[in-house]
Every structure is written in C-alpha cells, then in structure tokens.
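Encoded as structure tokens, the structure appears first; notes follow it.
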Amino acid sequence: MILKSIKYSQYNNTPNAWTLERFELGKVNLVVGKNATGKTKTLNLIKGLADLLCGEIKLIFTSGCYEVIFHNNADIQYFLSYENSKIQKEELIVEGKKLLNRGAEGKGRIMAVELGTEMSFQSPENELACVTRRDSIQHPFFEDLYEWGKSTIHYPFGSSLGKDHFAIFVKKEKKNNVNIKDTSKVAAFLKRGIEKHGNVIKNKIIQDMNTIGYELNDVGVCAIPGMSIDSFQGSNVEGVYVKEKDLDIVTTQIEISQGMFRALSLLIQLNYAEFESLHGCIIIDDIGEGLDFERSTSLIKLLIDKANNSNVQIIMSTNDRFVMNNVPLEYWSVIQRVGNTSKIFNYKNSKKIFDDFEYTGLANFDFLSTEFFIKGFDVK
Amino acid sequence: MKRLAIFVEGQTEQLFVTKLLKEIAGENHINIIQEKYISNGGVRSITLIDAVSATNEKKYYVIIRDCGGDSRVKSDIVDGCEKLYQKGYGEIIGLLDVYPKDREDIPKYETGLKFGVPTKYLPISIYLAVMEIEAWFMGEATHFEKIHPALTKELIFDTFGFDPFLENMEMRDHPANDLNKIYKLVGLAYTKKKKNTQRTVDSIDYERLYIDGKIKMESLGKFIEHIDSFLD
C-alpha cells in the first residue's frame with residue numbers, strides 16, 4: 001500500500017498554526033526546499049501518522065488534522081482530527097463506502113463485515129478507533145492501515161544512526177524480534193538478521209555496500225575490545241564490524257567513519273526489514289549527509305532502484321546540491337513555506353513547469369534556486 | 001586583445017570550433033586555448049587540453065571549454081561567467097545540439113536557454129546546432145570524397161535517398177547517425193574518438209562552409225555571424 005496524498009494542519013486559528021497543503025506522492029519522492037520550509041516537519045508528520053495507525057504511539061500533539069489517501073488496488077481515504085487531545089472526527093472510506101464514522105465523545109458507527117451490518121460503538125476519546133477496534137474478521141479494512149503503520153520506518157540519516165549504540169546480548173533471553181522502528185539498534189538488526197536468514201542477508205548487505213563504493217568482503221557483529229559495562233560483568237559489549245577488501249583486519253563500530261556507518265546502518269536496516277517482509281514506506285531525512293558525492297548518489301540510485309522494483313515507497317529529503325543535481329526532477333517535491341503554510345510543488349500538480357525546466361539547460365539545483373518551480377518561465 | 005569564451009558540449013564541437021576560428025581569423029592572429037571540465041566528487045574543475053598557437057602578440061584570445069555533456073553547457077556558463085568577466089573576457093558563446101530534443105521543441109528550447117542567464121557581467125549567447133553539429137559537417141558535402149574517394153554524391157543518394165550537396169542537412173533528424181552510416185559504406189566509421197572526429201574536421205572545406213554552408217543552414221549562419229562580429 002502506498003501513501004497517495006496527505007494534507008495536514010494543526011493548531012488552526014492560533015499563533016502556533018501550521019498547515020501542509022495537499023502533498024501528492026509517487027513511489028519515489030525527494031523533498032527539497034530552503035531551510036525552515038518544513039521538509040523535516042513533513043517527513044516527521046508522515047512518521048507520526050504511521051506510528052499512530054499501528055498503535056506505537058498515542059496522540060502526541062493536542063491538535064491535529066490529517067486528510068490522507070492511501071492506495072492499495074483502490075483508494076483508501078482516512079480522516080483524523082483532534083483538539084485538546086480528544087478525537088473530534090475519524091473516518092475511513094474505501095472505494096467510496098464509509099466504513100468508519102466516528103465523532104466527538106468517541107461515539108461512531110462502524111461496518112461489521114461478517115455480520116453484514118453497521119454497528120454503533122464508543123472508543124476512548126484519545127484513542128484511534130482504527131487501532132482500538134482492530135478485528136481482522138469484523139473490521140478487516142483496518143489491517144492495511146495497521147500494516148502500513150507498522151512497516152513505515154523513519155531513518156534520520158543526519159544523525160549517528162546507531163553509531164553510538166552498542167549491544168549486550170543476554171544468552172538466556174528469548175530471541176524476540178528487534179523493534180524495527182528503533183533505528184539505533186544496528187548491531188541487533190544485523191545479529192538477528194544473520195541468525196534468522198544466514199549468509200544470504202549478510203551477502204546482500206555486502207553487495208549493497210560494494211554497489212555504493214564501499215569495498216567490503218565481510219560484515220558482522222563482534223565484541224568491542226576494551227569495552228565493558230559494570231552491571232553486565234561477563235557479557236561482551238558488541239557492535240558492528242566491517243572487513244574492507246584492502247585491509248588485513250576488521251574495522252569495528254568505534255573506528256568506522258560516521259559517513260560509512262550511516263550508509264552501513266541504513267543498508268543493514270533496510271535489508272533486515274526486506275527479509276522480514278516489513279516494508280511499507282521508507283522515510284529518510286537528510287539523505288546523503290556525511291557521504292561523499294559518489295557514494296551519496298550511488299546510495300540514492302540504489303534506493304530508487306529498490307523502490308521501482310518492489311512495493312516499497314521512498315520519501316527522502318535533502319539540502320545537498322550535488323544530490324539534487326543527480327536525482328531526476330520527476331522525483332522532486334519542492335516545498336515552499338509562506339507564513340504558516342507549506343506548499344508542495346511536484347510533477348503531480350505542476351507538470352508543465354517541471355517539463356518546461358528541461359528547456360532551460362540549467363542544472364536541477366537551479367530549479368530550486370531560481371524559484372522556477374513557482375511560475376516557470378513567468379518567474380522574474 | 002579581444003577575449004571570447006566558447007562553451008561547447010563535447011570534444012567534437014571543440015575540435016570543429018577550433019578549426020573554424022583558425023580558418024576564419026587566420027592562425028597567426030588568434031590564440032586558442034582548449035579546456036575541459038572534469039567532475040571530481042561532484043566538484044567541477046577545469047583542465048587544460050591544448051594551447052593552440054598561443055602567443056602574446058595576437059589580436060584575439062579564445063578559450064573553448066568542453067563541458068562534457070549538453071546538460072552542463074548552460075550551468076557551466078552561469079557558474080563561470082563572473083570569473084571570466086573579472087579576467088577581462090568580453091563575451092561568452094555557448095553551442096549545443098538540439099538532439100535529443102525534438103525539432104518542434106526548437107523555439108521553446110531557444111526561449112528556455114535565455115532563462116536565468118546572468119546579464120550583469122558580460123553578454124552571453126547560446127546557439128543551437130540543428131539538429132546536431134554533424135548536420136554542418138554533412139552540409140559541407142565535398143568533405144565526403146576527401147574522407148574516401150568512393151563516397152560520391154551518387155553513392156550517397158542511391159543508398160540513402162538524400163543529396164547533401166543540394167538539400168539542407170538541418171532537416172535530418174539524427175545527422176550523426178547519418179554520417180556514421182555514410183562512412184560505413186567504405187568501411188570507415190564516424191565515432192566520438194578524437195582521431196575519427198579530427199579526420200572529419202580536417203576534411204571540411206571551411207571556405208565553402210563559410211560562404212555556402214552558412215546560407216543553406218540557418219543555425220550555422222547564426223553561429224558564424226556571431227563569430228564574425230567578434231573578429232571584426
């Protein structure tokens with residue numbers, strides 16, 4: 001299932017108001033824009049929606065309004081609005097049929113599929129009905145939302161992405177799956193992934209790293225020499241290692257450069273999710289941060305290829321001129337903020353302008369810097 | 001000394017424009033510097049390819065920069081124009097093929113190429129070779145028999161159905177392809193390798209090109225007219 005469009009507003013009619021006008025998405029989306037236009041905020045609100053829909057979080061802001069359309073063979077419209085942490089309205093419409101209609105005080109009507117009838121219900125005011133009323137027999141239409149929410153993962157590429165996190169694996173502990181949304185647990189992802197899927201997943205990670213220009217012949221998890229934690233005496237502190245082709249020894253997590261580690265962390269986690277059949281939407285903020293030009297463009301190409309050859313949807317953001325110049329405009333969504341409203345310009349709502357830019361002979365970055373995206377050739 | 005910078009999309013254009021300038025201006029009157037853009041880690045830098053007949057006493061000084069692709073010509077002009085202005089250059093010319101865009105897009109392309117061109121430093125003009133620079137080569141049809149004596153007008157017409165002596169080669173949609181097919185009739189090839197391109201460039205009769213070619217082929221005429229005005 002992909003996210004087809006999203007519109008959001010919060011704290012309407014207050015000084016804290018912010019609105020994201022309707023953002024229509026494709027399979028591959030690169031969100032670009034000047035600083036403070038709402039790039040990270042937009043990616044965060046999509047992540048927030050995903051976490052809400054799978055029950056990972058409850059309502060975190062006191063006010064918000066989502067108007068969302070998903071697509072999974074048919075359009076799935078979902079509407080959620082809340083004020084003072086209480087849900088005012090929640091609706092689900094599939095193929096034109098309203099299956100959930102819930103208003104204030106948590107009261108609403110919901111379709112019971114097996115019973116073949118609508119029924120009244122009342123959910124807690126601060127909880128989503130699509131989460132509390134999950135029932136794969138009577139309300140199977142919530143399952144798509146849940147799965148999408150569960151498998152949508154946000155990677156803040158500009159952060160350490162787990163480089164400063166290490167693992168202690170307690171042998172007697174039951175081997176639960178790692179929380180796929182905790183992007184700091186890189187060593188755990190790799191260890192669990194190899195335990196479950198063997199060398200296949202390891203080789204895929206190595207292959208992906210080689211594709212983007214890091215020449216490795218091994219990756220794995222090992223004890224970090226010299227590291228221990230008092231309360232876990234006798235247990236090894238473990239982290240990720242790589243073995244580069246031109247080096248005789250491995251490089252542990254402590255010594256791996258931040259740029260390489262970001263790429264490695266992302267590819268470990270993406271491959272883990274893929275092997276666990278968990279991918280809905282991949283959200284990557286500040287893609288390419290800390291990577292050299294060749295590697296960041298190779299990484300993005302790899303991600304675009306993954307999206308185009310699978311059911312995965314990718315939403316990335318960047319400020320990097322070189323990245324922008326190497327991602328085709330057809331994938332761009334330019335965000336512009338005027339006052340407290342952010343607006344998206346992309347191929348879906350500005351096709352002529354995007355097509356016309358090709359005739360300027362300018363580089364992609366100039367599409368943004370000249371503000372051509374606003375009015376095309378009419379820009380003064 | 002008058003200074004001109006010409007930005008071209010590739011080596012073929014660079015070799016041709018070098019030869020054209022030497023023929024029109026006279027080798028003794030013009031310094032020509034050939035440079036090439038290189039991308040390293042996303043950063044563009046310029047490297048010297050050749051300094052053709054460079055001395056300090058000549059009247060004209062021209063650098064011809066190979067931008068390594070049609071998508072780079074205008075950006076490199078925009079990025080480089082301020083520095084060139086500071087170095088005393090009087091104007092900049094760009095030269096691009098229309099192909100792979102379509103013929104019907106030419107007016108839009110010409111208009112689009114004017115967008116975003118800085119006006120505060122020095123005059124910048126960007127010309128299109130319709131549909132490719134190879135049309136200009138084909139339009140100087142006497143060069144074929146210099147490439148190989150068997151490449152006669154009759155052979156070309158009988159094989160391909162067009163006459164490069166009489167017809168306007170700007171009407172060919174992919175002249176580089178045409179050129180290669182014609183050369184292949186005698187076991188040769190037209191490729192982007194320097195040796196092959198130089199062979200074609202050296203075979204052209206520039207006097208014919210200057211007198212007849214620029215009248216027959218409008219895009220060539222516009223380009224030569226601008227070169228002429230620089231050399232006045």
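Here is how names work: the chains are called A, B, and so on, in the same order as the sequence lines, proteins then strands, and each is numbered from 1. For clarity, every value in this text was computed on a predicted model and none was experimentally measured.
Counting heavy-atom pairs under 4.5 Å between each of A:Phe357, A:Phe365, A:Phe322 and chain B puts A:Phe322 at the top.
Atom NZ of B:Lys216 has more than 12 neighbouring heavy atoms from other residues, nucleotides or ligands inside a 6.0 Å radius. Environment of CD in A:Glu330: crowded, with over 12 heavy atoms of neighbouring residues, nucleotides or ligands closer than 6.0 Å. The 12-atom threshold is exceeded at NZ of A:Lys245, counting heavy atoms of other residues, nucleotides or ligands nearer than 6.0 Å. Shown here is A:Asp246, whose CG atom has more than 12 heavy atoms of other residues, nucleotides or ligands within 6.0 Å. Crowding of A:Glu255 atom CD: a count of heavy atoms from other residues, nucleotides or ligands under 6.0 Å exceeding 12. Counting non-hydrogen atoms of neighbouring residues, nucleotides and ligands closer than 6.0 angstrom, the OH atom of B:Tyr85 reaches no more than 12 such neighbours. A 6.0 Å sphere centred on CG of B:Leu48 holds more than 12 heavy atoms belonging to other residues, nucleotides or ligands.
A salt bridge is defined here as a Lys NZ or Arg NE, NH1 or NH2 lying under 4.0 Å from an Asp or Glu carboxylate O, and A:Asp366 with B:Lys74 fails to meet this definition.
The CG atom of A:Asp356 sits 13.5 Å away from atom OH of B:Tyr109, with the distance rounded to the nearest 0.5 Å. For the atom pair A:Leu362 CG and B:Phe115 CZ, the distance stands at 7.0 Å (nearest 0.5 Å).
Residues A:Ala363 and B:Ser75 come closest through the heavy atom pair N-OG, 2.9 Å.
No part of A:Arg295 comes within reach of chain B, as not one of its non-hydrogen atoms sits under 4.5 angstrom from that chain. Contact of B:Val78 with chain A is made through the side chain alone, with heavy-atom distances under 4.5 Å. Using a 4.5 Å cut-off between heavy atoms, B:Asp79 touches chain A through its side chain atoms alone.
Within the 4.5 Å cutoff, side-chain heavy atoms of B:Asp105 are placed close to those of A:Tyr359.
For residues 88-104 of chain B, the interface with chain A (any heavy-atom pair closer than 4.5 Å) comprises B:Lys101, sorted by residue number.
Listed by first and then second residue, the salt bridge (Lys or Arg N to Asp or Glu O under 4.0 Å) pairs involving residues 113-135 of chain B are B:Glu134-B:Lys192 (not counting sequence neighbours).
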